[in-house]
Amino acid sequence: MDQQKLDKAIGRRLKTLRMNAGMTLNELAARSGVSRAMIGRVEGAQSSATAALLNRLCAALDVSLSDVVALAEKPPERLVRLADQPQWRDPESGYVRRHASPTGAVSGIEVIVVDLPAGARVSYSPWGRNAFTQQLLMLEGAICVHIDAKTQRLREGDCLDFDVMRSVIFENDSKQPARYVIVVRRGTAYGRE
């Protein structure tokens with residue numbers, strides 16, 4: 001799917017989720033901290049949403065980024081072929097996120113493959129409600145994961161367990177691209193360290 005079609009699909013999906021939640025643009029803006037005008041531009045596919053912006057909107061709508069990017073409104077599947085796995089590129093950082101899991105996986109686990117370009121940095125705000133836990137498994141390269149004031153340097157084969165209740169920054173401060181897998185488990189948020 002090309003970027004313009006993906007922007008339209010994301011915009012439609014966000015608008016549907018907002019309307020299903022019974023929220024006006026003003027209510028979503030107040031809840032997410034994203035301007036009403038920006039939400040309108042994203043819903044109308046007049047602007048490509050960044051990862052940070054989508055994170056804030058998803059948190060306010062109580063949905064995951066995968067719920068928006070996967071754009072899935074079909075019954076659960078057991079198998080999803082590589083060619084059918086939705087992929088999204090953050091226009092700000094250039095990071096590419098591939099939703100590898102079957103749609104609506106019965107296990108409640110989501111598997112996401114991320115390619116983080118050299119020099120890229122992606123920031124996420126704390127997730128206030130319906131937080132979840134995740135693990136990051138480094139496949140190639142190295143990155144720094146900043147969780148609040150604590151930094152973890154991850155290299156190939158390293159695995160980090162963390163939640164989204166605090167701000168998280170993924171940073172590739174190297175000169176090589178990095179690839180990692182994020183495994184998300186819903187309904188398993190735990191307390192702060």
Side-chain angles (χ1 to χ4, degrees), residues 1-74 80 83-101 103-104 110-132 134 136 143 145-146 164-173 177-180 182 184:
M1 183 180 290
D2 71 23
Q3 190 63 45
Q4 189 174 28
K5 286 181 184 175
L6 186 56
D7 287 344
K8 286 180 182 179
I10 287 172
R12 280 192 308 271
R13 182 74 174 136
L14 282 170
K15 185 174 184 177
T16 299
L17 290 166
R18 177 179 58 79
M19 294 176 78
N20 288 347
M23 278 190 230
T24 65
L25 280 171
N26 288 337
E27 289 169 331
L28 181 55
R31 200 174 202 184
S32 67
V34 175
S35 75
R36 180 186 190 282
M38 178 55 82
I39 296 168
R41 285 195 298 273
V42 170
E43 285 185 357
Q46 298 163 342
S47 181
S48 293
T50 65
L53 183 131
L54 281 177
N55 176 66
R56 291 166 61 189
L57 293 175
C58 290
L61 290 166
D62 290 329
V63 298
S64 71
L65 184 55
S66 297
D67 292 333
V68 174
V69 175
L71 309 171
E73 301 207 332
K74 54 186 181 178
V80 62
D84 298 324
Q85 295 171 7
Q87 194 166 276
W88 175 76
R89 184 182 180 279
D90 178 23
E92 188 173 87
S93 67
Y95 103 91
V96 176
R97 171 192 174 95
R98 179 169 46 90
H99 193 256
S101 296
T103 301
E110 293 178 41
V111 178
I112 299 141
V113 180
V114 177
D115 290 301
L116 191 62
R121 180 180 174 104
V122 180
S123 301
Y124 291 102
S125 301
W127 197 278
R129 297 180 313 271
N130 295 329
F132 50 88
Q134 51 191 3
L136 183 155
I143 65 170
V145 179
H146 309 277
V164 296
M165 296 171 66
R166 296 164 280 172
S167 62
V168 178
I169 299 170
F170 300 92
E171 180 179 23
N172 183 349
D173 59 359
R179 174 173 281 176
Y180 55 90
I182 296 277
V184 177

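- When every heavy atom of A60 is checked against every heavy atom of S32, the shortest pair comes out as CB-CB, 3.7 Å.
- A 6.0 Å sphere centred on CD of E92 holds no more than 12 heavy atoms belonging to other residues, nucleotides or ligands.
- The two residues E27 and G22 have their closest heavy-atom pair at OE1-O, 3.4 Å.
- A heavy-atom distance below 4.5 Å is not found between the side chains of Q85 and H99.
- Separating the CG atom in N20 from the CZ atom in R13 is a distance of 8.0 Å, to the nearest 0.5 Å.
- Here the side chains of L136 and F170 are in contact, with some heavy-atom distance below 4.5 Å.
- Note that CE of M38 is 9.5 Å distant from CG of L57, once rounded to the nearest 0.5 Å.
- In this structure, CD1 on I39 lies 7.5 Å from CG on L53, to the nearest 0.5 angstrom.
- For the residue pair V113 and A100, the shortest heavy atom distance occurs at CG2-CB, 4.3 Å.
- A 4.5 Å side-chain heavy-atom check between R89 and L6 finds every atom pair outside the cut-off.
- For A120, the side-chain contact (heavy atoms from CB on, under 4.5 Å) partners at least two apart in sequence or on another chain are S93, L116, P117.
- In plain terms, the two heavy atoms of S48 and D7 that are nearest each other are OG-OD2, 2.6 Å.
- When all heavy atoms of A178 and N172 are compared, the closest pair comes out as N-ND2, 3.4 Å.
- Atoms CD1 and OG, on I112 and S101 in that order, are 7.0 Å from each other to the nearest 0.5 Å.
- Between Y95 and W88, the ring planes lie perpendicular to each other; the angle is over 60°, past the 30° to 60° tilted range.
- Side-chain N or O atoms of R18 include one that pairs as donor or acceptor with a backbone N or O of M23 at under 3.5 Å.
- For the residue pair D90 and A51, the shortest heavy atom distance occurs at OD1-N, 2.9 Å.
- Note that CE of M19 and CD of E43 are 8.5 Å apart. Values are rounded to the nearest 0.5 Å.
- The CG atom of L54 lies 6.0 Å from the CD1 atom of I10; values are rounded to the nearest 0.5 Å.
- Although no hydrogens or angles enter the test, the distance criterion places a donor-acceptor pair under 3.5 Å between the side chain of R56 and the main chain of G33.
- Residues Y180 and I143 form a side-chain contact, since some pair of their non-hydrogen atoms from C-beta on lies under 4.5 Å apart.
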